[in-house]
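What follows is a set of notes on a single structure, which appears directly below.
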Amino acid sequence: MTTSDQILDAASTSDRRIRSFRAIPSPDTLRSELPLTARRAVAVARDREEIAEILAGRDNRLLVVVGPCSVHDPIAAIDYARRLAPLATEYAGTLKIVMRVYFEKPRTTVGWKGLINDPGMDGTFDVERGLRTARSLLLDIIDLGLPVGCEFLEPTSPQYIADAVAWGAIGARTTESQVHRQLASGLSMPVGFKNGTDGNVQVAVDGVNAAAAQHVFFGVDDFGKGAVVETAGNEDCHVILRGGTAGPNYDAESIAEAVAVIAKTSLPQRVMVDCSHANSGKDHVRQAVVAGEIADLLASGNTSISGVMLESFLEAGAQSPDAQPLVYGKSVTDKCMDWAATTVVLARLAQANRTITSPVA
Ligand SMILES: O=C[C@H](O)[C@H](O)COP(=O)(O)O
Ligand SMILES: C=C(OP(=O)(O)O)C(=O)O
């Protein structure tokens, strides 16, 4: 070893802040272990197609993405899905109900990052178990007849679960990220882009347009090997209004302003409204009020609203992920409406949209 080699070795510039690498199964391994199966694939493909038709305005039903802010307990999530599935069937003529099954949480600073990242919520970060639990839960929910919607946060996690997902989201904190726009350009389902946390709608419109384009970027293949990924572009993306630091943006005027921004592009002039987050001030009681106002807009003939998002679980409100014991069916991230409030809101949205008949129902 030369002196300069010794100096380099002692002061290696590589991985100075990496504490460890842990291997996980490849996407192909997990998908083989928990196969989608042809029957479920037919359901996912049909649901994606119906959602795309709604977003484009060719199907007059309202897309409703409803479910917990985050999944932390698969048993409670299935319990919720069992209650939601009959309502999805009952309202199928006016609402296309998708269960929100979010496994990856973007944080403002730090906090629990979701079931895939830390399924035990105990800092053990058993990502392999998280991926397996997440995939298995998605398959079980599809078997109940419900389409599922997920936010995609890690650039490679979709390869483990996306074949089972009918609708995807890019969150407010990542809507401006090139990595996430590239990711969406290769996803097989319609994807909603949230407006920025500051309320900026243009960044969501830019995200939708960027995702519609073809991209070439770094990734991993289905066998976990580094790869250059080339995508075809995703033409089924749309904007989600979630409010911002300056306040909500779900009122008729804000929706019209957002549509005016979209109108400068060739995208369908429609938006999904997130009744939670900055549109409700993260107040689950207020969320039902927001949904009611959206129902009124729909009933008055507003055609700019393609969908709504609702954060709902079995119990109202939220608890700390560190709570001992945890309350069953209660959110460990943002506050959710409880099941009773959710049924009222869904009935109201269905009633508001009833005058419109669906070609697909
Ligand atoms: O939807 C969930 C939260 O709003 C989002 O993950 C940010 O949460 P935080 O501000 O508590 O980190
Ligand atoms: C994190 C979420 O929302 P936003 O990106 O709008 O904050 C969410 O929907 O879970």
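We use all heavy atoms of the structure for the numbers below, so side chains are in, but hydrogens, waters and symmetry mates are not. Start at 1 and go down the list; that is how both ligands and their atoms are numbered. Remember, predicted model here, so these are calculated numbers, not experimental data.
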Do [X] and [Y] sit within salt-bridge range, that is, some charged N less than 4.0 Å from a carboxylate O?
X	Y	result
Lys113	Asp118	no
Glu311	Lys282	no
Lys330	Asp338	no

Considering only heavy atoms of [X], which atoms of ligand 2 have at least one such atom less than 4.0 Å away?
X	result
Ala172	4 (P), 5 (O), 6 (O)
Arg173	4 (P), 5 (O), 7 (O)
Arg100	8 (C), 9 (O), 10 (O)
Lys105	8 (C), 10 (O)

| said: Let me check something: do Met272 and Val98 share a hydrophobic cluster, defined by ILVMFWY side-chain heavy atoms less than 4.5 Å apart, either directly or through other members? | reply: yes
Would you mind checking which non-hydrogen protein atom is closest to [atom], with the distance to 0.1 Å?
atom	value
atom 11 (O) of ligand 1	Arg107 NH2, 3.0 Å
atom 2 (C) of ligand 2	His277 NE2, 3.4 Å
atom 6 (O) of ligand 1	Pro106 O, 2.5 Å
atom 10 (O) of ligand 1	Thr108 OG1, 2.4 Å

Answer with yes or no whether the side chains of [Y] and [X] bring together a donor and an acceptor at under 3.5 Å.
X	Y	answer
Asp79	Tyr328	yes
Ser26	Asp28	no
Gln287	Asp283	no

Number the atoms of ligand 1 from 1 as they appear, then name those within less than 4.0 Å of a heavy atom of [X], with their elements.
X	value
Cys69	1 (O), 2 (C)
Lys105	1 (O), 2 (C), 6 (O)
Lys282	3 (C), 4 (O), 8 (O), 10 (O)

| Are the aromatic ring centres of Phe313 and Trp339 under 6.0 angstrom apart? | no
| query | Are any of the N or O atoms of Gly171 closer than 3.5 Å to those of ligand 2? | reply | no
| request: Please determine if Tyr102 has a nitrogen or oxygen closer than 3.5 Å to a nitrogen or oxygen of ligand 2. | output: no
| query | Which of these, Met309, Lys282, Arg242, has its nearest heavy atom closest to atom 7 (O) of ligand 2? | reply | Arg242
| request: Could you see which bit of Pro106 sits under 4.0 Å from ligand 2, with heavy atoms only: side chain, backbone, both or neither? | output: side chain
| message | Check for me whether Arg100 meets the cation-pi criterion with Tyr102, that is, NZ or CZ under 6.0 Å from the six-membered ring centre and within 45 degrees of the ring axis. | response | yes
| task | Report yes or no: does a heavy atom of Asp334 sit under 4.0 Å from some atom of ligand 1? | result | yes
| said: Please check this pair: side chain of Arg46 against backbone of Val42, looking for a donor-acceptor N/O pair closer than 3.5 Å. | reply: no
